[in-house]
A.B. asks: 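Quick one: structure below, then a few questions.
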There are 2 protein chains.
Amino acid sequence: MADVARLAGVSKQTVSRVLNGTGRTSERTRRRVEQAIRELNYRRSGVARSLATNSSLTLGLVVPALDNPYYADIAQGAELAAWEAGYNLFLCNVFQDAGREGAALRSLEERGADGVIVDTPRLPDGALAELLGRYKAAVVIGREVPLEVASSIVVDDAAGVQLALGALHDAERRRVALLAGPDLYASSTVRREAFVRSERERGLFDPARVVIADTSPEASFAATLELLSRTPFDALVCFNDIMAAGALRALQVAGVRVPEEVAVVGHDDIPMAAWLSPPLATVRVPKREIGQRAVATLIAGLSGAANTRVVLTPELTVRESLSGMG
Amino acid sequence: MADVARLAGVSKQTVSRVLNGTGRTSERTRRRVEQAIRELNYRRSGVARSLATNSSLTLGLVVPALDNPYYADIAQGAELAAWEAGYNLFLCNVFQDAGREGAALRSLEERGADGVIVDTPRLPDGALAELLGRYKAAVVIGREVPLEVASSIVVDDAAGVQLALGALHDAERRRVALLAGPDLYASSTVRREAFVRSERERGLFDPARVVIADTSPEASFAATLELLSRTPFDALVCFNDIMAAGALRALQVAGVRVPEEVAVVGHDDIPMAAWLSPPLATVRVPKREIGQRAVATLIAGLSGAANTRVVLTPELTVRESLSGMG
DNA sequence: ATGAAAGCGCTAACAG
DNA sequence: CTGTTAGCGCTTTCAT
């Protein structure tokens with residue numbers, strides 16, 4: 001910057017003014033400075049700038065596993081919103097490890113991120129609160145946190161379950177099974193409870209039709225086979241689309257026709273869902289919107305807005321795994 | 001830091017020494033400093049540190065689209081390697097837009113990233129070279145660049161095509177079609193040329209069996225239908241697994257049995273490939289390794305190593321879409 | 001409209 | 001083993 005100032009024959013201050021478009025500068029001076037910048041191919045150091053302003057126009061997003069397209073979509077939504085607001089978004093994938101979730105949060109802080117968005121099932125409430133407390137603002141996705149700690153964006157899980165069960169009930173399915181995810185995910189617990197409650201109200205609940213598995217196709221493949229051997233069912237509600245993919249395959253291998261014999265409903269509506277065979281009906285979560293809202297909320301928080309809680313509503317995407325006509 | 005120094009009754013310098021484990025410090029002083037740090041819940045500013053040291057222990061990774069699990073896997077590999085080497089990895093998803101690829105590279109630079117890894121088809125060579133020139137080191141994935149510009153990690157695309165075609169030939173397929181990606185992707189061009197060459201050598205090439213489509217399931221679904229209506233074929237080689245998913249669905253809708261009537265081979269081996277129906281045979285690319293090698297190469301470059309070119313070899317993963325016995 | 005001085009929080013280089 | 005002095009590249013305040 002000093003070089004630019006020298007070449008343009010002005011002070012560093014003036015260069016700074018031109019760069020920021022702040023204060024007044026005569027047309028002529030500005031031209032000279034801009035020219036010098038171009039000639040020197042100068043680029044200002046965001047690091048020094050951050051140090052001086054104590055702000056970085058940088059946001060962090062911490063997600064547990066990018067290999068689930070669910071998070072990839074959230075990331076894209078966030079990315080887009082951040083970009084439009086003039087912020088940068090740094091994504092930290094923490095690869096399913098609580099220790100690294102903390103480390104990511106700390107390092108984002110050290111690097112001067114103005115705020116963070118976290119979607120992390122693993123970090124205990126206390127640790128999360130402490131880590132987030134160091135930021136000017138923070139948003140938590142998929143998990144309720146006290147408003148003193150951060151804003152949160154969650155999906156109405158119970159509503160999603162009702163949607164799926166309602167449609168299955170309309171399709172005359174009376175023995176609905178649930179392929180739940182691990183309780184590690186708060187939303188899995190919520191959905192399982194909603195499932196139990198709802199089926200019980202209909203007088204259709206049978207605990208033998210509930211099985212818990214890891215969120216991998218492999219695990220849900222195995223769990224589905226086990227379920228098949230254990231008890232009859234005519235519909236299967238899955239914790240997410242990845243698991244549903246494993247389940248579909250298991251049903252196919254077992255010679256069970258979908259949806260004629262067993263209807264299958266996934267959750268999330270990842271891009272692949274429509275291309276499974278049969279195309280997977282699923283509870284659609286507005287992933288992009290989650291990302292966008294998270295960023296919007298975060299930026300609002302940075303300008304002093306109070307923390308809020310946003311609840312998004314899922315929709316049912318009907319496809320052949322539910323509606324028949326394979 | 002000044003606060004810590006005061007509380008511990010030492011100079012800032014000593015605190016810095018303790019923090020960095022550099023230089024010698026008496027056991028007693030260190031204890032006192034550590035105690036003070038804990039009491040004040042102090043955390044050092046990476047921003048100031050970067051400004052002073054002109055290094056940030058931060059790496060950037062720029063990918064075109066996280067919604068393709070291919071990139072997600074590369075990111076995970078990179079993430080892991082960076083973590084183990086004590087570096088942070090900031091991921092920038094640039095959402096299929098050349099302008100933002102440049103913007104991401106610039107902002108990473110401004111934020112003080114020590115080096116970057118880019119996997120970007122869109123940025124023209126010249127612009128890429130200029131942008132990368134500002135970093136101490138850089139690695140390009142999936143694209144050849146002059147060694148003066150950066151190191152590169154590429155996959156032997158021609159070998160992958162040979163693998164697929166060899167297996168199809170062994171399976172007595174004599175009318176192999178190619179569902180290519182846009183030429184935007186250098187590797188698509190390379191593979192298409194390898195395909196043409198190879199089939200021609202066998203005396204089996206027919207240009208009518210080559211079709212180009214966008215890398216989405218929708219586009220490849222449509223392209224496959226069109227191909228079906230245009231010319232007979234008994235095998236289909238796809239640019240990637242995402243496209244293969246669309247193709248599988250098209251074949252199914254058209255009532256074509258896979259693999260009995262048409263064998264299908266994808267590319268990349270994304271996690272979902274094994275769960276499509278039928279499970280998708282595919283040219284397996286060592287995605288995790290690409291990420292790891294990229295980071296290793298980058299870190300080597302940061303310590304002054306000369307740029308290198310790494311060529312990784314793909315393998316064929318045989319599954320039912322190729323081997324029969326649906 | 002522009003410049004000079006001070007300081008953001010840290011490390012580097014030198015003393016002691 | 002520890003403290004002192006500069007200075008990283010920018011913005012902020014106050015003059016002019």
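Every heavy atom of this structure was used, including side-chain atoms; hydrogens, water molecules and symmetry mates were not. This is a predicted model, so every value here is computed, not measured. Within every chain, numbering begins at 1; the chains are lettered A, B, ... in the order of the sequence lines, protein sequences first and strands thereafter.
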A.B. asks: Using distance only, find each side-chain donor-acceptor pair of residues 146-155 of chain B under 3.5 Å and give its atom names and separation, not counting sequence neighbours.
C.D. replies:
{"from": "B:S151", "atom 1": "OG", "to": "B:N307", "atom 2": "OD1", "distance (Å)": "3.2"}
{"from": "B:S151", "atom 1": "OG", "to": "B:T308", "atom 2": "N", "distance (Å)": "3.0"}

A.B. asks: If we check salt bridge (Lys or Arg N to Asp or Glu O under 4.0 Å) with A:R143, which of these qualifies: A:D125, A:D119, A:D157?
C.D. replies: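 Checked A:D125, A:D119, A:D157 against A:R143; only one passes salt bridge (Lys or Arg N to Asp or Glu O under 4.0 Å): A:D125.
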A.B. asks: Check every strand shown and say whether B:T22 touches a base, only sugar-phosphate, or nothing at a heavy-atom separation below 4.0 Å.
C.D. replies: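 Since no nucleic acid heavy atom lies under 4.0 Å of B:T22, the category is nothing.
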A.B. asks: How is A:S50 classified with respect to the nucleic acid when contacts are heavy atoms under 4.0 Å: base, sugar-phosphate, or nothing?
C.D. replies: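 No contact.
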A.B. asks: How would you list all residue pairs meeting side-chain hydrogen bond (donor to acceptor under 3.5 Å, both in side chains) that involve residues 68-87 of chain A, not counting sequence neighbours?
C.D. replies: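 Checked against side-chain hydrogen bond (donor to acceptor under 3.5 Å, both in side chains) - neighbours excluded - the pairs reaching residues 68-87 of chain A are A:E79-B:R100.
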A.B. asks: Under a criterion of less than 4.0 angstrom to any heavy atom of chain A, what are the 5'-terminal and 3'-terminal contacting nucleotides of DNA chain D?
C.D. replies: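 The footprint of chain A covers D:dG9 to D:dT12.
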A.B. asks: Does B:E109 come within less than 4.0 Å of B:R134, counting only side-chain N to carboxylate O?
C.D. replies: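 The answer is yes: the pair qualifies as a salt bridge.
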A.B. asks: Nearest 0.5 angstrom please: B:L184 CG to B:R122 CZ, how far?
C.D. replies: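 So the gap between those two atoms works out to 5.0 Å.
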A.B. asks: Restricting to side chain to side chain donor-acceptor pair (under 3.5 Å), what partner residues turn up for A:E27, sequence neighbours left out?
C.D. replies: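 In terms of side chain to side chain donor-acceptor pair (under 3.5 Å), with neighbours along the sequence ignored, A:E27 is linked to A:R30, A:R31.
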A.B. asks: Taking the side chain as every heavy atom from C-beta outward, state whether B:V116 and B:L132 have any pair of such atoms under 4.5 Å apart.
C.D. replies: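 In short, these two side chains touch, coming nearer than 4.5 Å.
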A.B. asks: Report all side-chain donor-acceptor pairs from residues 48-62 of chain A shorter than 3.5 Å, counting only partners two or more places apart or in another chain.
C.D. replies:
{"from": "A:R49", "atom 1": "NH1", "to": "A:N20", "atom 2": "OD1", "distance (Å)": "2.9"}
{"from": "A:S50", "atom 1": "OG", "to": "A:G46", "atom 2": "O", "distance (Å)": "3.0"}
{"from": "A:S50", "atom 1": "OG", "to": "A:S55", "atom 2": "O", "distance (Å)": "3.3"}
{"from": "A:S50", "atom 1": "OG", "to": "B:R111", "atom 2": "NH2", "distance (Å)": "2.5"}
{"from": "A:T53", "atom 1": "OG1", "to": "A:R49", "atom 2": "O", "distance (Å)": "2.8"}
{"from": "A:T53", "atom 1": "OG1", "to": "A:S55", "atom 2": "N", "distance (Å)": "3.3"}
{"from": "A:T53", "atom 1": "OG1", "to": "A:S55", "atom 2": "O", "distance (Å)": "3.1"}
{"from": "A:S56", "atom 1": "OG", "to": "A:T58", "atom 2": "N", "distance (Å)": "3.4"}
{"from": "A:S56", "atom 1": "OG", "to": "A:G112", "atom 2": "O", "distance (Å)": "2.5"}
{"from": "A:S56", "atom 1": "OG", "to": "A:D114", "atom 2": "OD1", "distance (Å)": "3.2"}
{"from": "A:T58", "atom 1": "OG1", "to": "A:S56", "atom 2": "O", "distance (Å)": "3.1"}

A.B. asks: Just the atom pairs and distances: protein N or O near nucleotides 9-11 of chain C's N or O, under 3.5 Å.
C.D. replies:
{"from": "C:dG9", "atom 1": "N2", "to": "B:A48", "atom 2": "O", "distance (Å)": "3.3"}
{"from": "C:dC10", "atom 1": "OP1", "to": "B:Y42", "atom 2": "OH", "distance (Å)": "2.3"}
{"from": "C:dC10", "atom 1": "OP1", "to": "B:S45", "atom 2": "N", "distance (Å)": "3.0"}
{"from": "C:dC10", "atom 1": "OP2", "to": "B:M1", "atom 2": "N", "distance (Å)": "3.1"}
{"from": "C:dC10", "atom 1": "OP2", "to": "B:Y42", "atom 2": "OH", "distance (Å)": "3.4"}
{"from": "C:dC10", "atom 1": "N4", "to": "B:K12", "atom 2": "NZ", "distance (Å)": "2.7"}
{"from": "C:dT11", "atom 1": "OP1", "to": "B:N20", "atom 2": "ND2", "distance (Å)": "3.2"}
{"from": "C:dT11", "atom 1": "OP1", "to": "B:R44", "atom 2": "NH1", "distance (Å)": "3.1"}
{"from": "C:dT11", "atom 1": "OP1", "to": "B:R49", "atom 2": "NH1", "distance (Å)": "2.8"}
{"from": "C:dT11", "atom 1": "OP2", "to": "B:S16", "atom 2": "OG", "distance (Å)": "2.5"}

